[in-house]
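One structure below.
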2 protein chains.
Amino acid sequence: MFSVSARTQYAIRAMSCLAKREGRSATSAEIAQSESIPAKYLEGILSRLKASGLIESERGKNGGYRMAKDPAEIRMLEIVEAIDGRIKPVTCVDAPGACSQGGDCHPRNFWIGLKTTIDAYLAERTLKDVSEG
Amino acid sequence: MFSVSARTQYAIRAMSCLAKREGRSATSAEIAQSESIPAKYLEGILSRLKASGLIESERGKNGGYRMAKDPAEIRMLEIVEAIDGRIKPVTCVDAPGACSQGGDCHPRNFWIGLKTTIDAYLAERTLKDVSEG
DNA sequence: TATATTCCTATTAATCAGATAGGAATATGG
DNA sequence: CCATATTCCTATCTGATTAATAGGAATATA
Ligand code: FES
Ligand code: FES
């Protein structure tokens, strides 16, 4: 429970790898090799990171991926949400009044509090913090 | 990601149900019915809660389960760990030096920090807080 | 035009959570 | 001693989700 998907761990490694290049680009294959990530699987991950605006890409010969911003400006929460979407400990976090207790459901408030706590932790640390310390 | 297992949600409902009885006992079947939990599945959950000392049981006719302590003394973390074990965002939380970075691995420290944050949240709230407010 | 790349879609494989099944052990009351 | 109600134990099945693979279309370069 509360475990981090392989996808997200791969994504963080890939982002760290790009961060080291300081703007220079790397191909999907290079990242896959350097970080030991299944190559084709990684493509799907980079695609999500790009969709969220964290990285940019060029295709064709000499193409590749590169950071879209300074690693110090990228919050870990952004990476996590790019890959797995909003954190939802329980499905009813976005559904007030889902159970019999109506709007003021204590268990729901409890889980929302947890989500808020996790979000805060992830938002106050950046890729720079995590990849180099 | 970071989602709470159905088992743990069932466990919390079951504990709340027992908490309402203030020491009086209830059978597995009664709890299952009252909380809409698959009966046979619930048996396995109650068994883990008992193994962790959160509830007690008698078997045979007139048997059943009852709270082993005051709900105000039961931390939510205890319930979660009784069901799903220690929280481990990544497998290496208990394996220092698992990756190439050796003992001082920044990503690992990052995830351990998250674990600590989640643990703290869950430890500072009790069953009483969550079941009645 | 050959080649290297991203990008898109579909499929397969592996893993795990959720649920079910059957019955052994045990306690109670008649 | 027996019928019954319960916990308790172990095995299995199922479905959902994640992880991974496959194939090729689109695009850029030289
Ligand atoms: S709304 Fe989710 S438990 Fe009440
Ligand atoms: S020890 Fe887990 S990532 Fe380094």
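Proteins get letters first, then strands, A, B, ... in listed order; numbering begins at 1 in each. Values below: all heavy atoms of this structure, side chains included; hydrogens, waters and symmetry mates excluded.
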Which atom pairs, one a donor and one an acceptor, fall under 3.5 Å between side chains of residues 32-39 of chain B and the rest of the protein, sequence neighbours left out?
none

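Residues passing the ring-ring contact (aromatic ring centres under 6.0 Å, His included) test with A:Tyr121 are B:Phe110, sequence neighbours excluded. For A:Ser57, the side chain to side chain donor-acceptor pair (under 3.5 Å) test picks out A:Lys50, with sequence neighbours left out. Among residues two or more places apart in sequence or in another chain, the side chain to side chain donor-acceptor pair (under 3.5 Å) test is passed with B:Thr8 by B:Ser5, B:Asp84.
In this entry the distance linking CD1 of A:Ile83 with P of D:dA20 reads 14 Å, nearest Å.
In this model, the phosphate group of D:dA19 is not approached by any side-chain N or O of A:Tyr10 to a distance below 4.0 Å at OP1 or OP2.
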task = Can you check each nucleotide of nucleotides 1-18 of chain D against protein heavy atoms at under 4.0 Å and return B for base, S for sugar-phosphate only, - for none, in 5' to 3' order?
result = ----BBBBB---------
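The list of salt bridge (Lys or Arg N to Asp or Glu O under 4.0 Å) pairs with a residue in residues 67-79 of chain A, not counting sequence neighbours, reads A:Lys69-A:Glu78.
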